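Quick note: residue numbers are just sequence positions, from 1. Model, not experiment: these values are computed from the prediction. Values reported hereafter were calculated over all heavy atoms of this structure, with side chains retained and with hydrogens, waters and symmetry mates removed.
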Amino acid sequence: MARGFASFEERRQTETEHTKKIYDYLRSKPETFGLTDASVEVQKKEDIDFFWLRATEAEVSETSVELKVDTQGHETGNFAFETVSNETRGTIGCFLRTTSDLFFYFLAGTNELWVMNTKKVQAWFLDEMKKTPNRFKPFETY
């Protein structure tokens, strides 16, 4: 695979491989009671990848998670948030569309997992875009 170019199948294989790492990590945590993949309908409608059932203080709760696997962020030092899904159709990307509780950003090259409160990071990003429109460099994937 050339840098920056991957077929749909290559991207899917990479995501599957690294999602397993995340699941294994979460299963190793004592507060984890279970992990459930979101239905295809929920994945498409709400951009949620899975649900994490875990104990918090006095109760068991379900937390929705959107997972982004990045194979180049460890080299670039940047996060790549998908803000546009299809430019021709004008559809927004998963980063802004997800209704998940948490946004997991996994740097595949270093096995770093960044865990963000989705609503807070979305609000921060949109606020930064308003204050400084050219702050973030746009790029296209292929």
Side-chain angles (χ1 to χ4, degrees), residues 1 3-57 59-142:
M1 170 178 75
R3 180 174 155 78
F5 295 91
S7 69
F8 175 80
E9 277 304 313
E10 288 171 323
R11 288 192 314 269
R12 196 161 125 195
Q13 181 180 358
T14 298
E15 188 173 295
T16 298
E17 172 189 334
H18 294 294
T19 298
K20 182 185 179 326
K21 289 180 186 179
I22 300 302
Y23 278 23
D24 289 347
Y25 167 70
L26 293 175
R27 284 186 184 112
S28 76
K29 298 181 77 54
E31 66 267 25
T32 298
F33 278 78
L35 300 166
T36 307
D37 290 330
S39 68
V40 172
E41 181 181 307
V42 169
Q43 289 178 14
K44 288 179 179 179
K45 185 179 177 189
E46 300 180 47
D47 249 306
I48 292 171
D49 289 320
F50 65 93
F51 296 94
W52 179 17
L53 190 62
R54 62 190 175 138
T56 57
E57 295 187 25
E59 64 182 17
V60 174
S61 65
E62 184 177 72
T63 303
S64 57
V65 179
E66 170 65 11
L67 171 63
K68 161 75 173 164
V69 175
D70 187 331
T71 59
Q72 297 179 32
H74 66 286
E75 294 176 359
T76 66
N78 296 308
F79 289 145
F81 292 143
E82 182 190 41
T83 58
V84 176
S85 177
N86 185 310
E87 196 168 302
T88 306
R89 293 184 182 146
T91 55
I92 62 173
C94 71
F95 172 68
L96 295 177
R97 194 175 61 176
T98 183
T99 62
S100 66
D101 300 312
L102 296 176
F103 189 82
F104 280 18
Y105 198 95
F106 184 73
L107 297 172
T110 56
N111 289 325
E112 289 177 66
L113 176 62
W114 292 75
V115 178
M116 303 171 218
N117 176 296
T118 302
K119 286 183 179 74
K120 286 182 181 179
V121 74
Q122 287 169 330
W124 168 83
F125 181 82
L126 292 171
D127 186 54
E128 289 298 311
M129 288 295 293
K130 286 178 188 169
K131 289 192 296 190
T132 317
N134 297 320
R135 176 172 180 195
F136 303 108
K137 180 182 171 187
F139 69 94
E140 293 181 8
T141 58
Y142 300 93

Heavy-atom side-chain contact between Phe106 and Leu67 under 4.5 Å: yes
The single option from Lys120, Lys68, Lys119 passing side-chain contact (heavy atoms from CB on, under 4.5 Å) against Phe103: Lys68
Residues that Tyr25 engages under ring pair (Phe, Tyr, Trp, His ring centres under 6.0 Å), provided they are two or more places apart: none
Value rounded to 0.5 Å, distance of NZ in Lys20 from CD1 in Ile22: 11.5 Å
Closest non-hydrogen atom pair between His18 and Ala108, with its separation: NE2-CB, 3.5 Å
Tyr23 OH to Ser28 OG distance, which is reported to the nearest 0.5 Å: 14.5 Å
Any donor-acceptor N/O pair, Thr98 side chain to Asp47 backbone, under 3.5 Å: yes
Pair Glu112, Thr110: side-chain N/O donor-acceptor within cut-off below 3.5 Å: yes
Main-chain N/O of Phe50 paired to Asp37 side chain as donor or acceptor, under 3.5 Å: no
Heavy-atom closest contact (Leu96 atom, Gln122 atom, distance): O-NE2, 3.5 Å
From CA spacing to verdict: side-chain contact (heavy atoms from CB on, under 4.5 Å), Leu113, Tyr105: CA-CA 6 Å; Leu113 176 62; Tyr105 198 95; over 6 Å; no
Parallel, tilted or perpendicular: rings of Trp52 and Phe104 (30°, 60°): perpendicular
Other residues, nucleotides, ligands: >12 heavy atoms within 6.0 Å of Lys45 NZ: no
Which atom of Ser100 lies closest to which atom of Leu102, heavy atoms considered: OG-O, 3.0 Å
Check against side-chain contact (heavy atoms from CB on, under 4.5 Å), Leu107 and Asp70: CA-CA 5 Å; Leu107 297 172; Asp70 187 331; 4.2 Å; yes
Check: Val121 and Trp114 side chains under 4.5 Å, non-hydrogen atoms: no
Gap between atom CE of Met116 and atom CD of Glu66 - 0.5 Å precision: 11.5 Å
Leu53 side chain reached by Thr36 side chain, heavy atoms, under 4.5 Å: no
Contacts of Glu46 that satisfy side chain to side chain contact (heavy atoms under 4.5 Å, CB included) - sequence neighbours left out: Val42, Ile48, Thr99
Main-chain N/O of Leu26 paired with Thr32 side-chain donor or acceptor, under 3.5 Å: yes
Distance-only donor-acceptor check, side chains Thr63 and Arg54, under 3.5 Å: yes
